[in-house]
Each structure stands twice: as C-alpha cells, then as structure tokens.
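See structure below.
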Number of protein chains: 2
Amino acid sequence: MKHPDVTRQTRTDAGLAAVLRVAVGRLARRLRAQRPDASLSLGQGAVLFALARLGKMTPGALAEHEKVQPPSMTRIIAALEERGLVHRMKHPDDKRQQLVELTDEGHRLVRTDRRRREAWLTQRLTELTPEEKATLRKAAEILERLSQS
Amino acid sequence: MKHPDVTRQTRTDAGLAAVLRVAVGRLARRLRAQRPDASLSLGQGAVLFALARLGKMTPGALAEHEKVQPPSMTRIIAALEERGLVHRMKHPDDKRQQLVELTDEGHRLVRTDRRRREAWLTQRLTELTPEEKATLRKAAEILERLSQS
DNA sequence: GCGATATCGTTAGCAAAAGTAATGAGTCAT
DNA sequence: ATGACTCATTACTTTTGCTAACGATATCGC
C-alpha cells in the first residue's frame, strides 16, 4: 500500500478534512496543468458548465455559485462574451442587473469540449474499478454540496 | 433535491469527470478563501503536511509530489524556512541536492494548525451522515491517487 | 582520468487569475 | 425625493504558478 497513512488519518473528521484539503488542492492544480489547450481557463469552463446546467443567471449569482468575487466573474464573462460563447441581456425587472446566457456556439462548445477537456480525468476514471467509480459518483455529489455550503 | 442533474450526469465516465472537475475546482477555491488567517498559503500547508507525513524530502521530490514545478517549490520552501518552520540540510550523498525537514516549530505548527486550518471543512464534515463520511473517506484515497497519477 | 552530458536547485522575468477598494448606475424605503 | 443600499464594473494589487537560463555537481562514455 502506497499511502497507509491515508486510511489511518481519515478516522477522525479533522484527519479526513486534512487529507481532503490536500488532495483537492493538488487535484485542482493537476487539472489546471492538464488542460490540453489554453482555450478555456478552468473558471471559464466552470461558468459555461454552470450556465449549461442551470440556464441563464446574473453575474452576481454566477459569482456566488462559483465562489468567486464579482470582479472576477465580470472578467470571466467578458472573456466568454468576446469569444461569442455567451451573451448578456438586460434583466427585465432590474436595470442594474444582467442575465448571462449561453449562445448556440456556447452550447456547442460545452458539448464538444466537455469530452475533450475532461479527457485526462476521464482516462484516469476508466482505470478505476466499478466500485471506485461508484464511490466517486456518490462523493461527487457530496463534494458539490460542500463546495457550495 | 437541489441538483438532480448531478446523479444523471455522472452515469458516464465523461460526465463524472465533468462534475468532479468543477466540484474540485470550486472546493479548492472555497478552501483557499476559507483560510482563517493568511498565515499559511494552501501550498505551504500542503508541503508541511507532506513533510509531516513522509519525513524529510528533497525539493525536487516535494515538487513532484505536490504537482508543482521546481521553482515554485523553491519559493514555498524559502517562505517556510524564513519562518523557521523548515530547515534545509545537505544531502549526504549528493551535494547538488538538499533535504528539507520540519523544525520542531514546524511540527508544532502542523499539529496545532491542522485543527484550526481545517476547522471550516471539519465543521462541514460533522454535518454529514456517517454514510456520507464513509464515502468521502474512501473517495479521499482515490482522489489522492488520481492527483498523483 | 576526463570531457560531454544530465540533473538539481535556484534566479529572473513573466503571465494568469483572483482579491480589494472605489465608482457609477439603478432601486427602494421612508 | 432623498438617503441608503445593491449590482456590475473599473483600477490596482497580490498571489501563485510557469518557462528559460544558469551555476554547481554528478554520471556516463571513452
């Protein structure tokens, strides 16, 4: 066993937290580095993904959803809009706000890019046993929830 | 159910990869933002943690372990050394190399800080059911492996 | 042995991405 | 209708990582 410590250390909540924190940080770096082309930053990809999943949203809602400050979201949206992947529309009820929405090209990119962008991770996943994948499937939902709480 | 899509999307490896990628990225940001004081960056903490777990290592080994380029590790180590948490020693067999080791203060910080630094995540974990924690415990080991493959 | 080549850590310079503070437009409650 | 608040943006700074180049040491081929 390569890391006997892992199982030992995850006995307690704090130990599990420690291991999770490090693993998540490292995996995030790894995924960033693994990005095949620089076409889309990690954050940009996440926003497209969120819009595809949740439909049109305001910049503020996107910022909160992605756990980023509003100015960062402004930048991400600007970059996506410049590439025609997203477009802004006035919020019908509140002129301060806007609604951000995927363009057709944005939808297309999400679909085609999803496979390409996740190629590395997908490949790693195919190397896992079905049980491990089942674990990750359940864990994904939990991590999802943790990241938003 | 807040995100019915999650379970649907994770049916395929690619879908699971997509969800994992986004969740991991967001959780990493979240953890970074949650850092209680700015005392230790995420990377610095990870290095201390690795040294505590694996003993003395060379900078190169640390860099590879943390999936970071050597110059980045140089900087992290320099910051840690400046604070007296770590110290370098010559490698006995190879004068090119060094060995990095926790100082007593480093060990102390790892111990006391571990709890404080993971407080947020630990708190979130206590809110989970035992089954969910068991899932995360198994998942942590898998993520650990993924991040290093 | 010794010269070419490779490896290790570092330095220097740079780029990406996110954060904070300040600003302008719009809304809302009194 | 005005004062306080909210949303998005702009300007600036910080963080964090990268690549390229370099100096010191080790190793390999001869």
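Only a predicted model underlies this, so the values are computations on that prediction, with no experimental measurement involved. Order of the sequence lines sets the chain letters (A, B, ...), proteins ahead of strands, with each chain counted from 1.
Crowding of K56(A) atom NZ: a count of heavy atoms from other residues, nucleotides or ligands under 6.0 Å not exceeding 12. Other residues, nucleotides and ligands place no more than 12 heavy atoms under 6.0 Å from the CD atom of E64(A).
Regarding contacts with the backbone of dT16(D), every side-chain N or O of R75(B) stays at 4.0 angstrom or more from both OP1 and OP2. Considering only side-chain N and O atoms, Q98(B) lies under 4.0 angstrom from the phosphate OP1 or OP2 of dT10(C).
In this structure, E64(A) atom CD and dA8(D) atom C1' are separated by 15 Å, rounded to whole Å. Taking atom CZ of R96(B) as the reference point, atom P of dT5(C) lies 17 Å away to the nearest angstrom. Computed from coordinates, the M57(B) CE to dC8(C) P distance equals 13 Å when rounded to whole Å. Put simply, CG on D93(B) is 10 Å from P on dA26(D), counting in whole angstrom units. The distance between atom CG of L42(A) and atom C1' of dA15(C), rounded to the nearest whole Å, is 16 Å. Between the CD1 atom of I77(A) and the C1' atom of dT10(D) there is a distance of 15 Å, given to the nearest Å. If you take NZ of K95(A) and C1' of dT9(D), they are 19 Å apart, rounded to a whole angstrom. Here dC7(D) presents its P atom at 19 Å from CE of M89(A), a figure rounded to the nearest Å.
At its two ends the helix from dG1(C)-dC30(D) to dT30(C)-dA1(D) runs along axes set 30° apart, each axis drawn from five pairs and the angle rounded to 10°.
Taking the charged nitrogens against the carboxylate oxygens, K90(B) and E101(B) have no contact shorter than 4.0 Å, which rules out a salt bridge. Under a 4.0 Å N-O distance rule, the pair R30(A)/E66(B) does not qualify as a salt bridge. One finds no salt bridge joining E131(A) and K138(B) here, because no Lys/Arg side-chain nitrogen approaches an Asp/Glu carboxylate oxygen to under 4.0 Å.
Between dC7(D), dT10(C), dA21(C), one nucleotide has an atom nearer to the side chain of Q97(A) than all others, and that is dC7(D). Set against dA18(C), dG17(D), dT16(D), the side chain of S41(B) has dT16(D) as its closest nucleotide. Considering only side-chain atoms of Q69(A), the nucleotide from dA12(C), dG9(C), dT20(C) that sits closest is dT20(C). Nearest nucleotide to the side chain of R29(A), out of dG17(D), dT10(D), dT10(C): dG17(D).
Side-chain contact, H65(A) with R26(B): a donor N or O sits under 3.5 Å from an acceptor N or O.
Position along DNA chain C of the nearest nucleotide to P71(B) versus D94(A) favours P71(B) as the more 5'-ward residue. Each of S72(B) and R88(A) was assigned the nucleotide of DNA chain D with the nearest heavy atom; the assignment lying further toward the 5' end belongs to R88(A).
At least one donor-acceptor pair under 3.5 Å links the side chain of T103(A) to the backbone N or O of G84(A).
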